[in-house]
Structures are given as structure tokens and as C-alpha cells.
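What you see below is based on every heavy atom in this structure, not just the backbone, and it leaves out hydrogens, waters and symmetry mates. Residue numbers start from 1 in every chain, and the chains themselves are labelled A, B, ... in the order their sequence lines are given, proteins ahead of strands.
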Amino acid sequence: MFKNLRIGSSCNSINKRNFSSCLVLKNEVSNSNSLINAGILLSRNPIVTADMNDFEKKYYKYQEELSRRLMWTFPQFFYFRKGTLAERRFLDAQRGPVSKQPGVWFPKGVPDIMHNRERRYKQEIIIPREETSSTSGQEDSNSISRPIQPNSRITKSDELNDFKSLERKLSRTLYLVINTNENNIWKFPSFQLEKDLKPLHIVAEEGLRKLGGDLIKTWTVSNTPTAVLKYSKDKKLIIDTNSNDANNDDETNISREYLIKSHILAGKFQLQPSQNIKEFRWLTKEEIEKLVTPNYFQQIGHLLSNV
Amino acid sequence: MFSMLQRSQVASLVSRGKRTKSKDVVNPATQRIITQLSVLSAARKQPRLLKLCKEDYIKHLVISKAWSLLNKQKQTSQREMLQKQYDSIYKANEDLKKVNKFLFEEANKREQSKRFSLEMRVPTEYPPNKVWYYDYDPNASKNKK
């Protein structure tokens, strides 16, 4: 009742004069429902920053060296008061510059020292490590002054090349693609609209939970579809042409798939056995390009992130 | 004898005296301000001016140009991709409008007070100890409330 009312009200806003046309529209809706699908473009956002190429790495190294060379002398007198133990500990740790001596030849140029710094080069500051009482190894792993050891950017799933894991390729955006039993084609999951009409994003979200279980947290970007894919009667993807006139002849038999963008944030994606699906994978843009048909990729490629 | 010894002791005491010259004593608060200001000032803390030879300077210019070109390429490809995405959204919505009015209106409703999810995280240089949170249960948070 409520749904009908909503349909009616939306029709009213479109065509206030003719109410009968609204009823016709409603009938049309129920007939063409089976031809509308809601697809979902489920992505896992990158967990670590993007990988740098060789040029970027070298450029950042160059810039860092430049800025270190141009850096002011470290104001050691500000941090360590004169005559304290802390100052002595700090000074002991420093390598110290070569000072200028009368009557000595310096092959690398005459030293130019101010505030205990060689002004011609970058200043290297060594922070004295606190000496820990050497007892058992366990204590060291819990101590505050232990050295920081970052986790690896390459995970176990990367080494095993496990396509079903969400922990692979941490620096890239991964997308969920499935292989249906029907025609052995890799594509994004899509779900048919039922008779009681629901908005596309709700159909997509509910379908995803039927596909991968309830225990996932997703965040849908928008209610609005990002792209439409048109399939002919024999379930073949129609080549995307900019002119709409070519497809107008058999508009009634075309089935459409509207893609909704969403992110997976937490939870385990487990393929439900009842679904008619062979396999699922989490893939990057390049891997998707290899797997899907060229026509399909031509229509969805711009939706996928390069990072 | 006794008086001699006393006298020598006195002399040694006198000779100790002050070894250093008495400085103008600065108020500790003033000294603190001086230290803080001298941290900020450039005096004696600046490195030598960087003088590049001609070859190095040309190298530097080439590197900077290459970097800006790379950034430009990135920006243009990004802009093209966004334009394509916008076009495909527009096309999808025009199509949806033609096919089904109800779905179109539902898809274009304003989503007020929509927020990014709290579970979203910004990429970091290295992964966290727990890379992915698998034990998510949608009912757990509902029960808590």
C-alpha cells in the first residue's frame, strides 16, 4: 500500500494532469522489473600508501638531502643545558667535525665550523640510545625505548597469491568480482529486482549479503548508480556507443545493470553455498583487465582506481 | 713558629681567591628569553650558501622539470577519469529515468546527514598489527544499544 502510494505520488509530480498514465506506468514497472539488475562495485580501499616508482623514490631522496644540507644548525644549547649529564651524553654520541688547524692541508677544503657544525655539509645528529639493563630478552621487547619495527607491506596472502583474501595488495584498491556458473564469465556481482520494487542501492546491499553472508560491514557511497551496462536478449553485453539511436529498435528486450559503488570496511566475505556462483576474487584494476572481456572493461575501466 | 704557620695558612687561604672574573649576572628569566630567541635567530646557525656548478644546476633543473611533468600527467589523467565517471553517472541516470521513474527518484533522493563510516581508515605507510577486522557482527552493536 505504502509503496503504491509512493509510486503514485512520484507520478503525480511528473504528470499531474493525467492520472491514468500513472497507472500505466505502474504496470510497466512491474513488467520490466525482471530486466533491471542492481550491480555492486564493492571495493576494499588501500590500507597502506601507494607504492612509489623508482623516479619518485629518487626524487624524494634528493629533496630530503637538499633540505638537510640547507637546514640550520641544531640548537643543542636549547635542549641540553650546559654542564649537565644529558649534554655530555649527547656530545659523546656525536661524531664531531674536523676542526681547523694551523699549518695543516685539508684535501676536502678548509673546515668552516660554527656551533660544532661543519657548515659546508649537512649536519648529522645522533640521538644517544638509553642503555638498558641487560637482563632477559623479554623485557627488551616490552621496554619503551625498543627500536620501532614496522610491519611488512607485503603480507602472507601476497606470497601465497590468495585471491580470496582481503589482505592482499595492501597498497591497491581491490574489487570484488565473481564467476557465475551460467556462462563462465567474470563480472561484478549483480542482482535482479523483485516484484516489490526497492531502490537500487538497497537491492544491491541485500543481494551482497545473500551472496557473502551477513557478517560484513559495507558503506555505500551513494544511492545513485555510477554506470549502466546493457545486455541484449541472449545475455551479451551491448557495445557502448555514444549515439543512442542504434539501440532504440529492441529497447524492450534489453536488460540493464546499474552499478552502485560501495566499500567493504570490516567482516569476512564468505561465499554462501546456495548461490549459483563458482568463484569470487578480490582483484586490482590490472588483474580485472586481464580477466574480463575487453568490451566489459572498456565500459567499467574508468570506474576503477589506478591506486 | 706557631705564628709563622698561622700566617702561611692565612696566605694560602688568601691566595685561593676567585679564579674567574665576575660576569654581569643576568636574571634567569631574561636568560631564558635570550636562549629562546637565539634558537629562532639565524645568527651563526645558517649553513654555507649552496653554490652549484653549471652542470649540477642544469641537472637540478632537469629533475624539477621531470617532476612537474609527471605531476601534470597525473593530474590530467585524473581529470579525464573524473570526467568519464561523471559522464557515466549522467548516462546511467538518464537511462534510469527512461526505464523506471520510481527507481530514478529513489536514486536521486538527497541523502541528508550522510557521514563517512567511522571504520574507514586513512592509508598509512606500514600496515597495522591487525590488517583486517574479521570478527564483525552487525547484531553485536545493536544489542549493546
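Neither the backbone nor the side chain of B/Y86 comes within less than 4.5 Å of any heavy atom in chain A. Contact annotation for A/R117: only side-chain heavy atoms (C-beta onward) come within less than 4.5 Å of a heavy atom of chain B. The contact between A/K261 and chain B is made entirely by side chain atoms (from C-beta outward), counting heavy-atom distances below 4.5 Å. Both the backbone and the side chain of B/S38 come within less than 4.5 Å of a heavy atom of chain A. At a 4.5 Å heavy-atom cutoff, the contact between A/W219 and chain B is made by side-chain atoms alone. At a 4.5 Å heavy-atom cutoff, the contact between A/N45 and chain B is made by side-chain atoms alone. Looking at A/F74, there are no atoms closer than 4.5 Å to chain B (heavy atoms on both sides), in backbone or side chain. Neither the backbone nor the side chain of A/I154 comes within less than 4.5 Å of any heavy atom of chain B. Only the side chain of B/K74 has a heavy atom closer than 4.5 Å to any heavy atom of chain A. Proximity to chain B (any heavy atom under 4.5 Å) is shown, for A/Y79, by neither the backbone nor the side chain. Proximity to chain A (any heavy atom under 4.5 Å) is restricted, for B/R115, to the backbone atoms N, CA, C and O. B/L70 touches chain A through its side chain: at least one heavy atom from C-beta onward sits under 4.5 Å away, while N, CA, C and O do not. Using a 4.5 Å cut-off between heavy atoms, A/E56 touches chain B through backbone and side chain atoms alike. In this structure, no portion of B/D135 lies under 4.5 Å from any heavy atom of chain A. With a threshold of 4.5 angstrom between heavy atoms, A/S171 does not approach chain B through any atom at all. B/D87 does not touch chain A: none of its heavy atoms, backbone or side chain, sits under 4.5 Å away. Of the atoms belonging to B/L40, it is backbone heavy atoms, and not side-chain ones, that fall under 4.5 Å from chain A.
Annotation: maximal heavy-atom pairing with chain B below 4.5 Å, among A/K217, A/H263, A/M114, A/M71, occurs at A/K217. For the options B/K84, B/E111, B/M81, heavy-atom pairs under 4.5 Å to chain A are most numerous at B/E111. Of the residues considered (A/L66, A/L303, A/I202, A/D112), A/D112 shows the highest number of contacts with chain B, using heavy-atom pairs under 4.5 Å. Chain A forms the most heavy-atom pairs under 4.5 Å with one residue out of B/L82, B/N93, B/L49, B/V122, and that residue is B/N93. Options B/Y90, B/F104, B/F116 differ in how many heavy-atom pairs under 4.5 Å they form with chain A, and the most are formed by B/F116. Among B/V131, B/N108, B/N129, B/T124, the residue with the largest count of heavy-atom pairs under 4.5 Å with chain A is B/T124. The choice from A/K122, A/Q63, A/K58, A/R44 that makes the most heavy-atom pairs within less than 4.5 Å of chain B is A/R44. Considering only heavy-atom pairs separated by less than 4.5 Å from chain B, the leading option among A/I216, A/D214, A/N306 is A/I216. Looking only at heavy-atom pairs under 4.5 Å with chain B, the residue among A/H201, A/R69, A/H115 that has the most is A/R69. In terms of heavy-atom pairs under 4.5 Å with chain B, the best-connected choice from A/P75, A/A266, A/G301 is A/A266.
In this structure, the side chain of B/Q85 does not engage the main chain of A/T226 through any donor-acceptor pair within 3.5 Å. With hydrogens and angles disregarded, a donor-acceptor distance shorter than 3.5 Å links the side chain of B/R121 to the backbone of A/I47. Looking only at distances, no side-chain donor or acceptor of B/D95 sits under 3.5 Å from a matching main-chain atom of B/K91. Listed for the B/W67 side chain is no donor-acceptor partner under 3.5 Å among the backbone atoms of B/V62. A/T173 contributes a side-chain N or O that, together with a main-chain N or O of A/V307, makes up a donor-acceptor pair within less than 3.5 Å.
Taking 4.0 Å as the cut-off between side-chain N and carboxylate O, A/R209 and A/E205 do not count as a salt-bridged pair. A salt bridge between B/E105 and B/K101 is absent, with no side-chain N of the basic residue lying under 4.0 Å from a carboxylate O of the acidic one.
In this structure, A/L41 and A/L304 have side chains that are in contact, with non-hydrogen atoms separated by less than 4.5 Å.
For the residue pair B/S117 and B/E119, a side-chain donor N or O sits within less than 3.5 Å of a side-chain acceptor on the partner.
Taking the six-membered ring for Trp and thresholds of 30 and 60 degrees, B/H60 and B/Y57 have nearly parallel ring planes, at less than 30 degrees apart.
Atom CG of residue A/D162 and atom CZ of residue A/R168 lie 8.0 Å apart, to the nearest 0.5 angstrom. A distance of 11.5 Å separates CG of A/L35 from CG of B/N100, quoted to the nearest 0.5 Å.
Shown are A/K169, A/K57, A/R153; of these, the salt bridge (Lys or Arg N to Asp or Glu O under 4.0 Å) with A/D51 is made only by A/R153.
Remark: B/K114 NZ is packed, more than 12 non-hydrogen atoms of other residues, nucleotides or ligands lying under 6.0 Å away. Heavy atoms of other residues, nucleotides or ligands lying less than 6.0 angstrom from CG of B/L69 number more than 12.
When all heavy atoms of B/P127 and A/S152 are compared, the pair lying nearest together is CG-O, 3.1 Å.
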